[in-house]
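Note sheet for the following structure.
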Protein chains: 2
Amino acid sequence: MLPPPIPSPPPGRATIADVAREAGVHASTVSRALNPATRGMVTEAVALRVTEVADRLGWRPSAVAAGLRTRKSRTIGILVPDLINPIFPPILHAVETVMAARGYATLVANTDNDPAREALLIERMATHLVDGLMLASAAAGTGALALCARFGIPAVLINRRMPQGADCAATSAVTNDDRHGIGLAVDHLVALGHRRIAHLAGPEGVSTATDRRTGFLDRLRHHGLEPAGLVPAAAYTREAGQVAMAALLAGPPFTAVAVANDMLCLGVYDAVEAAGRRVAADVSVTGFNDMPFVDRIHPGLTTVRIQHDAMGRQAAEILLAEMADPALPRRDIRLVPELVIRASTRPPQEPA
Amino acid sequence: MLPPPIPSPPPGRATIADVAREAGVHASTVSRALNPATRGMVTEAVALRVTEVADRLGWRPSAVAAGLRTRKSRTIGILVPDLINPIFPPILHAVETVMAARGYATLVANTDNDPAREALLIERMATHLVDGLMLASAAAGTGALALCARFGIPAVLINRRMPQGADCAATSAVTNDDRHGIGLAVDHLVALGHRRIAHLAGPEGVSTATDRRTGFLDRLRHHGLEPAGLVPAAAYTREAGQVAMAALLAGPPFTAVAVANDMLCLGVYDAVEAAGRRVAADVSVTGFNDMPFVDRIHPGLTTVRIQHDAMGRQAAEILLAEMADPALPRRDIRLVPELVIRASTRPPQEPA
DNA sequence: TTGTAGGCGTTATCAA
DNA sequence: TTGATAACGCCTACAA
């Protein structure tokens, strides 16, 4: 059971004026006493009395009223392309946890990879006076960062970077070291004896896709090999993975494929089976992300594990820091991934 | 490239007063012209001119200022126990999509199943003046609903119901028909010939766990059978599933187990293998939820599919309706699940 | 149909 | 250290 609802202010909640009256001081004094930042300006005795009255009346500061005055909402926004993609929930979870611990609420929105929708959502967040924005969605060429700049909203990119040129340096980013990561997969396949290795790439224009493709080619050439095939997927989805893998299978032969992302791998498995072949036995497959449960698919997926949680936490910390001091130099954090070897990779049947 | 930033109001954004001055009308007229609800009160010509000026100045209404006046933030909150659990992202996605389409922003927070944290987050959301709250987290006995009532925040439960008594009827809920769903699994196992069937239940006090357990027992008795074992998991996690399954395997023999949730099933698979037995061949397993990718685990999980997306959408619609008219009668929606048969269930080896 | 005035709850500035 | 006053940007009776 709940303590009997406070009788005094029946409809709305108690305001600072109610507390002031009850405590026999002026409203501004109440404000100072109750705001941790200004508490020092007030006599200890007054602070105590005010706090007691505030508690008794069940007073809670109105974030809205305070926000109108201070132009700060103690709210941040996060834009993700697609919450259904399992790499985003852990990131969001980490961001939300850090933000909540610092007293910030988190607005989420799905862009569904639609730049127009993304722009609309940024505008709406600006309207809500978010103190900062976390962009997990910004595809290259989107005006997201320009919008943030226009509204004066500090922003941090997460799991995405802007292309090299342009306002790249103007925004901090926390990403995985994708080139290094895909290199780990290539090294592993080469060590197993594979020579005809294909790449199933991510969608065009997405920084993770670009980096992984570049990294794949670089590392392959480092081993003196050329790609046995390279097809980009239309999106990071299971269906797109199936389509792209079918295309690869229809082309020149290969014994292994390095795939740009785990979600695509599900479709890759589908396509391999549909073609009457077997993952691992006939064609080795590596993924990227180590998303939940890929250890349980069959055969267990060899993949590159990225640090979702650290990504969310670090991005949150950086955003908080830049919100506090916008003049801070921008940062470009690359988290180091690791290879997780499971059952989807084996030495090739017929060594090339 | 962006159009050159509007020169007029360099620091802050344009306000309604700027638009009024520029358009040669009073601020209140601007407000009326720009607010869809009151637009009719104003001459078409004036409306046009005001709109044009507003566009030119890049004016956006301040949700904060409007909220202070109207006591509405055009924001809703959603509390989830754990965003990492894959059944929540699709629900959140659906809720957010519906809300965004109606112009609402969505605040998310993770409770991590901690009632104290839940209470804190509800308070914080109240502080932010959320217009409604979606509770996917309320475990039985939590004061969440009482808090909402105290703050006057409309709330809808999603994937959770309050226990029968108490303020149950006072809150709308959108849930899966869990008793029916688990019954489908039981019917399937019985039809395969299983007679010694165990139940790996969900954590105590969670409505889905209670309903599924009750439904399991009812349906089993309907077939004239008694449970061959019943162990609750400590939480809806893979680890808890493994522990509980190990406990079941240490007890009386059974040929099939109906598990309260897919996440638990991952641990069940782990435990079965650790015991040197095989899922399907030695022990049939059914799950619940049909979470993403369980079709790809090995052997493919037979499970009860629930309508995540419909759940989120309907709950959002109901919340919007009750926000608009709090006097609306409360609703208790049960969505109908379906059985998805895959490879984890087979006739028993030695018919009982 | 439009203008006037006041207030939503808080905080910042200025005096005392 | 505290009080008075104004302002944040918008909305809404009420009056014209």
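Side chains included, hydrogens not; waters and symmetry mates left out as well; all remaining heavy atoms used. Convention: sequence-line order gives letters A, B, ...; per-chain numbering from 1.
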Original post:
Is the CZ atom of A/Arg117 crowded by more than 12 outside heavy atoms at less than 6.0 Å?
Top reply: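 Result for CZ/A/Arg117: enclosed.
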Subject >> Crowding at CZ, B/Arg331 (>12 non-hydrogen neighbours, <6.0 Å) >> reply: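 Incorrect, the count does not exceed 12.
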**OP:** For A/Thr15, answer base if it contacts any base atom (sugar-phosphate contacts may also be present), sugar-phosphate if it contacts only those atoms, and nothing otherwise; contact means non-hydrogen atoms under 4.0 Å.
**Re:**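 Result for A/Thr15 = sugar-phosphate.
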**OP:** Using a cut-off of strictly less than 4.0 Å between a heavy atom of the residue and any atom of DNA chain C, enumerate the qualifying residues of residues 40-47 of chain B by number.
**Re:**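 B/Met41, B/Val42, B/Thr43, B/Val46 - these, ordered by number, are the residues of the stretch whose heavy atoms sit under 4.0 Å from the strand.
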**OP:** Let me know, please, whether B/His26 or B/Ala65 comes out on the 5' side of the other along DNA chain D by nearest nucleotide.
**Re:**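 On the 5' side of the pair lies B/Ala65.
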Are any non-hydrogen side-chain atoms of [X] and [Y] less than 4.5 angstrom apart?
X: A/Thr171; Y: A/Val156; answer: no
X: B/Tyr104; Y: B/Glu96; answer: no
X: A/Ile76; Y: A/Leu133; answer: no

For [X] and [N], give me the distance from atom [atom1] to atom [atom2], rounded to whole Å.
X: A/Leu34; N: C/dT11; atom1: CG; atom2: C1'; value: 13 Å
X: A/Asp18; N: C/dT10; atom1: CG; atom2: C1'; value: 13 Å
X: A/Asn35; N: C/dT10; atom1: CG; atom2: P; value: 11 Å
X: A/Leu129; N: C/dT10; atom1: CG; atom2: C1'; value: 14 Å
X: B/Ile16; N: D/dA7; atom1: CD1; atom2: C1'; value: 16 Å
X: A/Arg74; N: C/dT10; atom1: CZ; atom2: P; value: 15 Å
X: A/His128; N: D/dG9; atom1: NE2; atom2: C1'; value: 15 Å
X: B/Arg71; N: D/dT12; atom1: CZ; atom2: P; value: 13 Å

Original post:
salt bridge (Lys or Arg N to Asp or Glu O under 4.0 Å) with A/Asp114: which residues, sequence neighbours excluded?
Top reply: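 Counting only residues at least two positions away or on another chain, A/Asp114 forms no salt bridge (Lys or Arg N to Asp or Glu O under 4.0 Å).
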Original post:
Using the C1' atoms of five pairs at each end, what's the angle between the two axes of the helix from C/dT1-D/dA16 to C/dA16-D/dT1, to 10 degrees?
Top reply: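 Angle reported: 40°, given to the nearest ten degrees.
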**OP:** Check whether the side chain of A/Arg69 and the base of D/dC8 form a donor-acceptor pair under 3.5 Å.
**Re:**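 No pair found.
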Original post:
Between the base of D/dA4 and the side chain of A/Ser28, is there any donor-acceptor pair under 3.5 Å?
Top reply: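 Present.
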I'd like a table of atom pairs between the protein and nucleotides 14-16 of chain D - only N or O on both sides, under 3.5 Å - with the distance next to each one.
none

**OP:** Using the side-chain contact (heavy atoms from CB on, under 4.5 Å) rule, pick out the option among B/Val98, B/Val95, B/Ile91, B/Val174 that qualifies with B/Arg313.
**Re:**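 For B/Arg313, the side-chain contact (heavy atoms from CB on, under 4.5 Å) test succeeds with only one of B/Val98, B/Val95, B/Ile91, B/Val174, which is B/Val98.
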Subject >> B/Leu68 side chain, from C-beta outward: closest of C/dG9, D/dC10, C/dG3 >> reply: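 From the listed options, C/dG9 comes nearest.
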**OP:** Verify the contact: side-chain N or O of B/Thr29 to OP1 or OP2 of C/dT2, cut-off strictly under 4.0 Å; return yes or no.
**Re:**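 B/Thr29 to C/dT2 OP1/OP2: no side-chain N or O under 4.0 Å.
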Subject >> B/Ser62 side-chain N/O to D/dC10 phosphate OP1/OP2 under 4.0 Å >> reply: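 For D/dC10, neither OP1 nor OP2 has a side-chain N or O of B/Ser62 closer than 4.0 Å.
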Subject >> Sidechain N-carboxylate O distance under 4.0 Å for B/Arg161, B/Asp332 >> reply: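 No salt bridge links B/Arg161 with B/Asp332.
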**OP:** Mind running salt bridge (charged side-chain N to carboxylate O under 4.0 Å, His left out) on A/Arg102 and A/Glu317 for me, showing each step along the way?
**Re:** CA-CA 10 Å; A/Arg102 302 283 214 92; A/Glu317 301 287 2; 3.5 Å; yes
Donor-acceptor pairs under 3.5 angstrom involving side-chain atoms of residues 30-38 of chain A: please list them, not counting sequence neighbours.
residue: A/Asn35; atom: OD1; partner: A/Ala37; partner atom: N; Å: 2.9
residue: A/Thr38; atom: OG1; partner: A/Arg32; partner atom: O; Å: 3.0
residue: A/Thr38; atom: OG1; partner: A/Asn35; partner atom: O; Å: 3.2

Original post:
For A/Leu68 and B/Ala65, which heavy atoms make the closest approach, and how far apart are they?
Top reply: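 Smallest heavy-atom distance, with atoms named: CD1-CB, 3.6 Å.
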Original post:
Can you name the residues that form a side chain to side chain contact (heavy atoms under 4.5 Å, CB included) with B/Thr97, not counting sequence neighbours?
Top reply: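 Residues passing side chain to side chain contact (heavy atoms under 4.5 Å, CB included) with B/Thr97: B/His93.
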